[in-house]
2 protein chains.
Amino acid sequence: MSRASDRAYDHIRNMILSGELSPGEQIREEALAELCGVSRTPVRDALRRLEAELFIRRNESQRSFVADWSLDDLEEAFQLRAMLEAYAARRAAKRISWDQLARLRSHNDAIHHAITAPTPDIPKFLDHNRQFHAIVLEAAGSGRLAGMLAQVIEQPVVLRTAKQYDMENLKRSHHEHDELLIAFDNRDGEWAAAVMTGHIRRAFHVYAAAHSGDADIRRTDEAA
Amino acid sequence: MSRASDRAYDHIRNMILSGELSPGEQIREEALAELCGVSRTPVRDALRRLEAELFIRRNESQRSFVADWSLDDLEEAFQLRAMLEAYAARRAAKRISWDQLARLRSHNDAIHHAITAPTPDIPKFLDHNRQFHAIVLEAAGSGRLAGMLAQVIEQPVVLRTAKQYDMENLKRSHHEHDELLIAFDNRDGEWAAAVMTGHIRRAFHVYAAAHSGDADIRRTDEAA
DNA sequence: TAGCAGCTTATTGTATACAAATACCATTCG
DNA sequence: CGAATGGTATTTGTATACAATAAGCTGCTA
C-alpha cells in the first residue's frame, strides 16, 4: 500500500506491540495522525487494516480501542492456531518442494546454533522459528489459510508468549521441527499434522504455566 | 458503520453476487462512487472491507478487481469451512443453551416444511439453513472463529453452490441437522464435529458433481 | 517492424474542510 | 437525591481538491 498509510500502519502496530498504547485504551484518529505525521485519511486506512487483524476493536459508535485479550481469548487463539497449522502441515507434506525442505533444514540448523551457543540468542531463535513456520505455510499453498493464520499468530499476546520459553522448551521446539522434517521427507501428512498440533499446544501450555506462575507470585506478594 | 459507506458496501457486494460485476473485471473507485451515489471516500472504505472478505483483490499497483475463484480455490474454501464448522460444532456441543437448542429445532422444522411442501420453497430452505448454521456458530462462542468462517462462507462461488441441491440432498441436509441436534442433546462434541464435517463435505461434492455435469455438457456441446 | 523514450491520460493516495453523530456535563424537574 | 433533558465539546464520516503514481499511447530510432 501507499507510503503514508504504510507508515501509519507500522507506527500504530509498533506502538501496540511495544505497549506504548495499552490494551483497552481508546485511540483517536487525529491524535494518531499527529503521532505519525500524516493526515487522518491514511490513519483511517491503517486502522481498518489493524481492525481486520484484530489489533483494534471498535465499539458500537465506531470509536476505536486497542484490543485487550482475555485468557479465554488466548486459549481460543491457540486452539485455532493449532488446528490451522496442523492443516497447513498436512497440506505441506504433500506439496513441499526440495528447495523448501532445504530452507526448513537451514532454519532449524540456525535455531540449533542459536540455542546451543554459550549465550542463547533468543531473538535469533524467534526469527528463524518464524521463518520456519512461514515456509511450512508457503508449502501449504493456500492464500486463504495464510491469511487466517496471520490473524491468530500476529496477536500481541501470542507474540509475547514466545519469550516465555526456557532452555528445555527451546530444545524441545527444535526437536519437534526436526520430527516435522522427517514427516515431510516421508510425505506423511497425518504425521506432520500430529507433530504440528503437539508443537503448538505445547507452546500454549508453556505460556499458561508461565502465566499461572505470575499469578502465584502476585498472590504471594499480596500475602507478604 | 456509517450510512454512506454501508450503502456502498451493500451495493458493490450485491453487484458482485448478482454478476453485474464479472469476476476478474477491474473496478474503479470513481465509477463505483457514481453508481452508489456517494463520494470516493466511503467507496474506498467499502472496498477495504470487501478486500478483507476476499470479494475483491488488488494488484501490485493498487488497482482493484472482482475476485475470480478457481476450482482449487473453491475446494480449498470448502475444506477450510468443513474444518472450522466442525470445530464450531465441537465447541457448541459443550456450550449450547436450551434456548439455542430450541431455536435450532425450530429452524430445522421450518426447513422440513419448506422441502416437503407441494412446491419446495428453496429460498426459505436457504434462509433457515443459514440461520441454523449461524446459531451453531453463536453457540460456539468464538468471535474469531465466526470471523474466519464468514470469510469462507460468504464467497460468491460458495453462495451460488447452495442452489445446486436437489430434493434428495435437501432431505439429507435436514436429516443431518437433526442428527446434529441429537449430538448436541448428548453434549457429544466429537459426534457433533463428525456430523458437521460430513454435512459440509457432502455440500462440496454436491457442487462438484453439478459442476462436472456442466463440464460434460460443455464438452458435449463442443463435440456436437 | 520491434522496442524504447517521453508525453498524456487514467487511477489511486493524501490533505483539508465541513457535516453528522455521539459522548459528556451541567442543569432542572420530579 | 436520582433521573431526564438539553446544550456543548469531541470524535468520526463524507465530500472535494489536489498530488503522486502507474498505465497507455505516440512517434522515433535502429
Would you mind reading off the distance between [X] atom [atom1] and [N] atom [atom2], rounded to a whole angstrom?
X: A:Arg44; N: C:dG13; atom1: CZ; atom2: P; answer: 15 Å
X: B:Glu34; N: D:dT14; atom1: CD; atom2: P; answer: 18 Å
X: B:Asp45; N: D:dG13; atom1: CG; atom2: P; answer: 7 Å
X: B:Glu60; N: D:dT21; atom1: CD; atom2: C1'; answer: 13 Å
X: A:Gln62; N: C:dA21; atom1: CD; atom2: P; answer: 12 Å
X: A:Phe65; N: C:dA23; atom1: CZ; atom2: P; answer: 9 Å
X: A:Arg58; N: D:dT12; atom1: CZ; atom2: P; answer: 8 Å
X: B:Leu47; N: D:dT14; atom1: CG; atom2: P; answer: 14 Å

Using heavy atoms to find the nearest nucleotide of DNA chain D for B:Val38 and B:Ser61 separately, return the residue whose nucleotide is more 5′.
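Looking at DNA chain D, the more 5' nearest nucleotide goes with B:Val38.
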Does the pair B:Glu51/A:Arg48 count as a salt bridge with the N-to-O cut at 4.0 Å?
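A:Arg48 and B:Glu51: not salt-bridged.
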Ion pair A:Arg49/A:Asp6, N-O distance below 4.0 Å
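Yes, A:Arg49 and A:Asp6 are salt-bridged.
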Compare side-chain N and O positions of [X] against OP1 and OP2 of [N] and report whether any pair is under 4.0 Å apart.
X: A:Thr41; N: C:dT14; value: no
X: B:Arg3; N: C:dA21; value: yes
X: A:Arg40; N: C:dA15; value: no

Minimum-distance nucleotide (side-chain atoms of A:Arg28 versus D:dT14, C:dT14, D:dT12)
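Output: D:dT12.
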Main-chain N/O of A:Phe184 paired with A:Arg187 side-chain donor or acceptor, under 3.5 Å:
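Checked: pair present.
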DNA chain C: 5'-proximal contact among B:Glu29 and A:Arg63 (nearest heavy atom):
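With B:Glu29 and A:Arg63 compared, the 5'-side residue is B:Glu29.
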Taking the inter-plane angle between the rings of A:His107 and A:His128 on a 0 to 90° scale, is it parallel (under 30°), tilted (30 to 60°) or perpendicular (over 60°)?
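Taking A:His128 first and then A:His107, their aromatic rings sit tilted (interplane angle of 30° to 60°).
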Please classify the nucleic acid contact of A:Ile27 as base, sugar-phosphate, or nothing, using heavy-atom distances under 4.0 Å.
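Sugar-phosphate contact only - A:Ile27 comes under 4.0 Å of backbone atoms but never of a base.
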Contact between A:Gln79 and A:Val152 at the side-chain level, heavy atoms closer than 4.5 Å - yes or no?
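A side-chain contact under 4.5 Å is absent here.
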